[in-house]
There are 2 protein chains.
Amino acid sequence: MTKKGKTWFAILGFLSWKPMSGYDIKNLVDISLSYFWSISYGQIYPTLKRLVAAGYATTEAGRSIGDRKRNLFRITNEGQKALDDWMSKPIDLSIQRDEMQLKLFLGGQRDTAQTISLIRDFKGQQTQRRAQLLIEYDETAPALESGEFADDIQWLEPERLSGARQKQAVREQTLIFLLSIRQGILKAEARITWCDEAISLLENPPYANKS
Amino acid sequence: MTKKGKTWFAILGFLSWKPMSGYDIKNLVDISLSYFWSISYGQIYPTLKRLVAAGYATTEAGRSIGDRKRNLFRITNEGQKALDDWMSKPIDLSIQRDEMQLKLFLGGQRDTAQTISLIRDFKGQQTQRRAQLLIEYDETAPALESGEFADDIQWLEPERLSGARQKQAVREQTLIFLLSIRQGILKAEARITWCDEAISLLENPPYANKS
DNA sequence: GTATGTATATATCACTGTGATATATAGTAT
DNA sequence: ATACTATATATCACAGTGATATATACATAC
């Protein structure tokens, strides 16, 4: 039995919204989930095949705009069951590699000035990211009231609903989208706070500086 | 020319402190750098070989306690130059996958109750982690004053120094170690904050709840 | 003493996942 | 016509993981 990792269930999860092609999945992740997920074709296509082989999905020929051929994948009952099972399992916390921390560790003692300069750059990156996320938050938030997405927002729609139900669905999806942006903002802010503390302590260490 | 990723420079960086064996590197990372780094033997041994092949390190037979054989790797001038170059480059920000966010995205609308339960579990994990890191912080901090490590702290020592210089080195290393723990604490706190916001918004959405 | 367990030390394998690239076609712009 | 962009599928070399195999020396218990 093949190993079922996060990518396996991520793809299965996308199919649980609506039947999709490999191309659709790549676009969905790159456009709407880029705050917290990434995926490559090198995993998508083999995994779709394995999902079919495992009985978790079926494949069918489809057509899109302009009569282009595409392979649509649809989740099966068995697949949905496996997904539900995974969804209820606690979050797996694996170590997140942190290049900033590694460079601090390797260079902090050897070359303090350069390390401080790196931390300043890093703070700049995070400050910019925070600003960007705040803009995206403000652009997304109105849909919470209106029940209508701004033009450029791509989203997972299980199916077209009509009228009030459609608006309600948009509001629910917007809330979740806002929460994921909010996570990014909080993460960036935590990093900015750390940068300030680190620069301050490296510039004025709480012990006599040799020289 | 082989690709030089983060693992490549991480290992080169460890060798820049002192000559080490593959086993030493694995232990160093697992014991002292586990807050922000991980590494497997499957990368260490091949990478050490490639570092030698690239002229960035040399290898020599060594002996440790009990006359056990070990292969020591020593950084070359060329290797140190390449490391210095990498160290000065800005931090590469790649997308960090976040299983909590993925599950929120996939299940938040479909099964709010289960999603809230997952977030509560996640908050529990993060709260525990934060508590653990606070303890480790308090255990490490005294060395900032005393200049002496607590018994169980493993560390990178370029070489044995004597007296006052040794104490100063210990203080500098402790500061950096404390900063990396602090990063973990801030990250956990940001996640806890997010959990509170998310639970509150999912339980009382800012729009009329259908039902 | 000898058996058992643990720490030291190196190495490889199957597998997951990435980034780059190749290929082909249909619609759009110059 | 030509070039460019978007749609769509696929594969490759490589990075990195987790598990496992192997061997030896020291520590302890019986």
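Values in this document were obtained by computation on a predicted structure and should not be read as measured data.
- Counting any heavy atom pair closer than 4.0 Å across all strands shown, A:G22 reaches sugar-phosphate atoms only and no base atom.
- B:L72 has its CG atom 12 Å from the C1' atom of C:dA9, to the nearest Å.
- Computed from coordinates, the A:E60 CD to D:dT9 P distance equals 12 Å when rounded to whole Å.
- A:R191 pairs with exactly one of A:Q125, A:Q126, A:M100, A:K123 by the side chain to side chain contact (heavy atoms under 4.5 Å, CB included) rule, that one being A:Q126.
- One interatomic measurement links the two molecules: CE of B:M20 to C1' of C:dT8, which rounds to 14 Å at whole-angstrom precision.
- Remark: B:K49 is in phosphate contact with C:dT12, judged by side-chain N or O atoms under 4.0 Å from OP1 or OP2.
- Within the structure, every side-chain polar atom (N or O) of A:R70 is placed at least 4.0 Å from both OP1 and OP2 of D:dA6.
- Taking only side-chain nitrogens and oxygens, A:S21 never comes nearer than 4.0 Å to OP1 or OP2 of D:dT7.
- Between A:R50 and the phosphate of C:dC15, there is no side-chain N or O to OP1/OP2 separation shorter than 4.0 Å.
- Between A:D84 and B:R110 there is a salt bridge, since at least one side-chain N of the basic residue sits less than 4.0 Å from a carboxylate O of the acidic one.
- Taking the side chain of B:S40 as heavy atoms from C-beta on, and the options D:dT17, D:dT11, C:dT18, the nearest nucleotide is D:dT17.
- Atom CD1 of B:I44 and atom P of C:dC13 are 18 Å apart (whole Å).
- In this structure a side-chain-to-backbone donor-acceptor pair under 3.5 Å is missing from A:S21 to A:L72.
- Figure legend: A:K6 and A:W86 shown without cation-pi pairing, the cationic atom not lying both under 6.0 angstrom from the six-membered ring centre and within 45 degrees of its axis.
- Atom-to-atom, CH2 of A:W37 to P of C:dT18 comes out at 9 Å; the value is rounded to the nearest Å.
- When the nearest nucleotides of DNA chain C are assigned to A:Q43 and B:F73 by heavy-atom distance, the more 5′-ward of the two goes with B:F73.
- Here B:W8 and B:Y56 bring their ring centres to under 6.0 angstrom of each other.
- Proximity of a side-chain donor or acceptor of B:D85 to a complementary backbone N or O of B:A82 within less than 3.5 Å is not detected.
- One interatomic measurement links the two molecules: NZ of B:K4 to P of D:dA13, which rounds to 21 Å at whole-angstrom precision.
- Distance, A:L28 CG to D:dA8 P: 14 Å, rounded to whole Å.
- Rounding to whole angstrom units, NZ of residue B:K26 and P of C:dT10 are separated by 14 Å.
- Taking only side-chain nitrogens and oxygens, B:T7 comes nearer than 4.0 Å to OP1 or OP2 of D:dG16.
- Listed nucleotides: C:dA11, D:dA10, C:dA9. Nearest to the side chain of B:Y41: C:dA11.
- Applying the 4.0 Å criterion to OP1 and OP2 of C:dT10, one finds that B:Y45 has a side-chain N or O inside that range.
- In this model, the phosphate group of C:dT18 is approached by a side-chain N or O of A:S38 to a distance below 4.0 Å at OP1 or OP2.
- Contact between the side-chain N/O atoms of A:N71 and the OP1/OP2 oxygens of D:dA8 is not found at any separation under 4.0 Å.
- The shortest distance between the side-chain N/O atoms of A:Y23 and the OP1/OP2 oxygens of D:dT7 is below 4.0 Å.
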